[in-house]
Number of protein chains: 2
Amino acid sequence: MRQSSSRVLYDPAASGPAYRQLARSIGEAIARGDLAAGTALPTERGLAEDLGLSRVTVRAAYRALAEDGLIEARAGSGNYVRGATPAFEQPLWHLSSFSEDMARRGRNATSRLLDLAHGEATDEELAALTLKGGDRVVRLSRLRLVDGEPLGIEVASLPEALTQAVQLGEGSLYAALSAQDLSPARGIQRMRAVSLDEDVAGLLAVPPGSAAMLLERVSFLSDDTPIEYTKSHYRGDAYGFVAKLDGGDLT
Amino acid sequence: MRQSSSRVLYDPAASGPAYRQLARSIGEAIARGDLAAGTALPTERGLAEDLGLSRVTVRAAYRALAEDGLIEARAGSGNYVRGATPAFEQPLWHLSSFSEDMARRGRNATSRLLDLAHGEATDEELAALTLKGGDRVVRLSRLRLVDGEPLGIEVASLPEALTQAVQLGEGSLYAALSAQDLSPARGIQRMRAVSLDEDVAGLLAVPPGSAAMLLERVSFLSDDTPIEYTKSHYRGDAYGFVAKLDGGDLT
DNA sequence: CAGTGGTCTAGACCACGCT
DNA sequence: GCGTGGTCTAGACCACTGT
């Protein structure tokens with residue numbers, strides 16, 4: 001039996017594109033449990049007519065939900081709520097780093113300030129922090145060590161305009177941000193394996209070309225303003241991640 | 001200066017949806033280096049007219065490429081080739097199988113069976129699967145390819161005692177397990193960067209010593225019996241991960 | 001078979017970047 | 001102000017699912 005579309009709230013007076021509002025509304029209904037796993041969503045044509053939207057717009061909303069793994073499209077059949085999902089209220093995965101583990105195990109984790117400089121944002125930083133050409137950033141380069149051994153290098157870039165009052169330096173970056181009410185609320189992190197160039201390899205005391213984990217992280221304030229872009233290289237032999245995978249999504 | 005669209009090959013006689021063919025053609029051009037990082041792609045309207053397609057179709061192709069991280073859209077400016085990003089990124093918050101993941105991206109994911117053998121468990125397997133010395137395992141080695149290009153190697157080890165009835169071979173491992181009521185319910189996955197030795201590098205068609213992502217995963221049945229230990233090597237330039245971080249993880 | 005999602009067309013208006 | 005991507009409309013045909 002197909003879910004009655006009347007259960008799907010949609011307030012056209014809210015701000016933003018229609019497909020995003022619709023996707024958010026359905027996503028919230030799934031998170032609340034109003035739409036149980038396996039439930040068939042309204043058909044694209046039906047919902048479009050009910051809401052006075054075009055089918056393309058409804059499709060855009062369904063597609064956004066499918067990209068987040070909340071629903072699943074089955075050709076010739078319908079769109080269905082996926083099982084065991086919502087990543088927001090109760091993340092099904094937990095990501096922990098070796099450095100966190102080390103801290104927990106009482107290892108002596110330190111960091112050394114390599115550089116602190118202001119400059120015009122690179123293209124990479126412009127894209128990550130959604131700045132405009134010519135905007136300036138503060139760049140904070142730090143070497144991460146555990147028990148005196150260098151494990152990784154982090155370069156954090158912050159929009160200069162937002163960080164005038166922040167005391168950057170030896171201390172914790174997040175503590176300094178927090179003191180100015182600039183605590184990150186969310187983030188997205190990319191990870192991949194790369195070979196180290198000569199410069200970074202030298203700082204990490206490993207041969208050039210050694211495998212390393214490249215991490216790129218963008219952190220956002222609660223209003224979705226990007227506040228920090230950090231690019232880190234960690235020695236492959238000294239740093240890794242553990243992800244717990246819960247739920248029946250192992251297909 | 002904008003790239004002339006004549007450089008973008010597109011063969012309407014080929015099979016599959018037009019947007020996918022177009023995306024693949026552009027993706028290959030980027031992989032070959034014909035389209036350097038930072039290059040502006042043809043405008044959506046321009047390319048649509050040149051190819052006799054609608055703008056929506058070109059947008060679908062560009063969107064697919066953006067989802068794979070190959071290009072980046074800048075509103076009011078254009079679509080640009082991204083620099084040095086892995087061709088594929090697997091979200092950690094929505095774990096899916098390799099082939100499922102690629103299918104969602106419209107790629108032709110295949111796998112080639114390299115080896116299927118029974119043998120005594122190694123120390124590594126004993127620890128991961130909590131077996132006793134002398135216990136035997138089934139080892140399934142597969143090469144993972146996307147659009148014919150080798151991206152990774154997976155070696156799955158399963159306790160022989162639990163998998164007597166399972167038909168292992170060319171098909172999906174999880175489907176075969178599921179048929180015998182041995183579906184994994186949970187898993188734990190470790191990730192780190194390594195350099196490839198000669199043998200694996202050869203199979204992946206990259207130079208020895210290239211950076212790769214090493215994945216080790218143990219899957220458990222709902223009663224916490226370990227059912228599968230998989231050790232995978234994925235090319236660092238072709239596969240990465242994305243993680244969403246919520247408040248508490250940002251320290 | 002009827003209904004569904006998958007794809008595609010040929011337009012349109014908007015907010016934003018660039019010059 | 002012009003061109004760009006971002007969004008949206010109102011149709012259309014196809015392959016597939018389910019009965």
Side-chain angles (χ1 to χ4, degrees), chain A residues 1-3 5 10 12 14-24 26 38-67 70-82 121 123 126-127 129-135, chain B residues 1-3 5 10 12-24 26 38-67 70-82 103-108:
Chain A
M1 201 50 43
R2 191 165 294 281
Q3 189 68 230
S5 61
Y10 167 63
S15 69
Y19 81 93
R20 279 195 192 287
Q21 296 171 42
L22 180 56
R24 208 189 58 176
I26 297 174
T39 307
L41 292 167
T43 69
E44 298 171 355
R45 288 173 181 82
L47 188 55
E49 190 173 8
D50 285 1
L51 298 178
L53 298 170
S54 81
R55 188 182 159 212
V56 175
T57 305
V58 173
R59 269 184 74 75
Y62 279 8
R63 173 168 195 161
L65 291 164
E67 268 170 26
L70 290 176
I71 72 172
E72 174 192 1
R74 295 180 207 154
S77 174
N79 286 279
Y80 298 85
V81 178
R82 285 188 66 126
D123 288 347
L126 290 179
L129 297 170
T130 59
L131 299 175
K132 289 163 191 160
D135 281 355
Chain B
M1 199 52 41
R2 190 166 295 281
Q3 189 69 232
S5 63
Y10 166 62
S15 69
Y19 81 93
R20 204 170 293 178
Q21 295 170 41
L22 180 56
R24 182 171 161 173
I26 297 173
T39 306
L41 291 167
T43 68
E44 297 171 356
R45 288 172 180 84
L47 187 55
E49 190 173 7
D50 285 1
L51 299 178
L53 297 171
S54 82
R55 188 181 159 212
V56 175
T57 305
V58 173
R59 269 185 73 77
Y62 279 7
R63 170 167 196 160
L65 291 164
E67 271 170 23
L70 289 178
I71 72 172
E72 174 195 0
R74 295 181 207 153
S77 173
N79 287 279
Y80 299 86
V81 178
R82 285 186 56 146
R104 212 166 45 82
R105 295 172 152 85
R107 298 311 168 101
N108 183 23

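In what follows, chains are A, B, ... by sequence order, proteins preceding strands, each numbered from 1. This one's a predicted model, so the numbers in the text were calculated from it and none came from an experiment.
- Computed from coordinates, the Leu47(B) CG to dG3(D) P distance equals 18 Å when rounded to whole Å.
- The distance between atom CD of Glu44(B) and atom P of dC8(D), rounded to the nearest whole Å, is 15 Å.
- Distance CG (Leu41(A)) to C1' (dG5(C)): 13 Å, rounded to an integer number of Å.
- Closest non-hydrogen pair, Ala121(A) versus Leu126(A), comes out as CB-CD2, 3.7 Å.
- In this model, the phosphate group of dT7(D) is approached by a side-chain N or O of Tyr19(A) to a distance below 4.0 Å at OP1 or OP2.
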Applying side chain to side chain contact (heavy atoms under 4.5 Å, CB included) to Leu47(B) and Leu22(B), what does each step give before you reach the verdict? CA-CA 10 Å; Leu47(B) 187 55; Leu22(B) 180 56; 4.2 Å; yes
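- Residue Asp135(A) contributes atom CG, which lies 11 Å from atom P of dC18(C) at whole-angstrom precision.
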Tabulate protein N/O versus nucleotide N/O from nucleotides 17-19 of chain D, keeping only pairs under 3.5 Å, one per line.
unit_1: dT17(D); atom_1: O4'; unit_2: Gly76(A); atom_2: O; d: 3.2

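- Between Tyr80(A) and Gly38(A), the closest heavy-atom pair is CD2-O, 3.5 Å.
- If you take CG of Asn79(A) and P of dC16(D), they are 18 Å apart, rounded to a whole angstrom.
- The salt bridge (Lys or Arg N to Asp or Glu O under 4.0 Å) test applied to Arg63(A) returns Glu67(A), Glu67(B), not counting sequence neighbours.
- Checking dT4(D), dT7(D), dG5(C) against the side-chain heavy atoms of Thr43(B) singles out dT4(D) as nearest.
- Contact check, Tyr62(B) against dG5(D): no side-chain N or O comes under 4.0 Å of OP1 or OP2.
- For the pair Leu51(B) CG and dT7(C) P, the interatomic distance rounds to 18 Å; values are reported in whole Å.
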Any protein N or O atoms within reach of nucleotides 10-14 of chain D? Criterion: under 3.5 Å, listing atom names and distances.
unit_1: dA12(D); atom_1: N6; unit_2: Arg55(A); atom_2: NH1; d: 3.3

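- Atom-to-atom, CZ of Arg63(B) to P of dC8(D) comes out at 12 Å; the value is rounded to the nearest Å.
- Closest approach of Pro42(B) to Tyr62(B), counting heavy atoms only: O-OH, 2.7 Å.
- At least one side-chain nitrogen or oxygen of Thr57(A) sits closer than 4.0 Å to the OP1 or OP2 atom of dT9(D).
- Of all heavy-atom pairs spanning Ala18(B) and Thr57(B), the tightest one is CB-CG2, 4.1 Å.
- For Ala64(B) against Ala23(B), the heavy-atom pair with the smallest separation is CB-CB, 4.3 Å.
- Between the C1' atom of dT4(C) and the CD atom of Glu72(A) lies a distance of 15 Å, rounded to the nearest Å.
- Side-chain proximity of Ala73(A) to the nucleotides dT7(C), dG6(C), dG5(D) is greatest for dG6(C).
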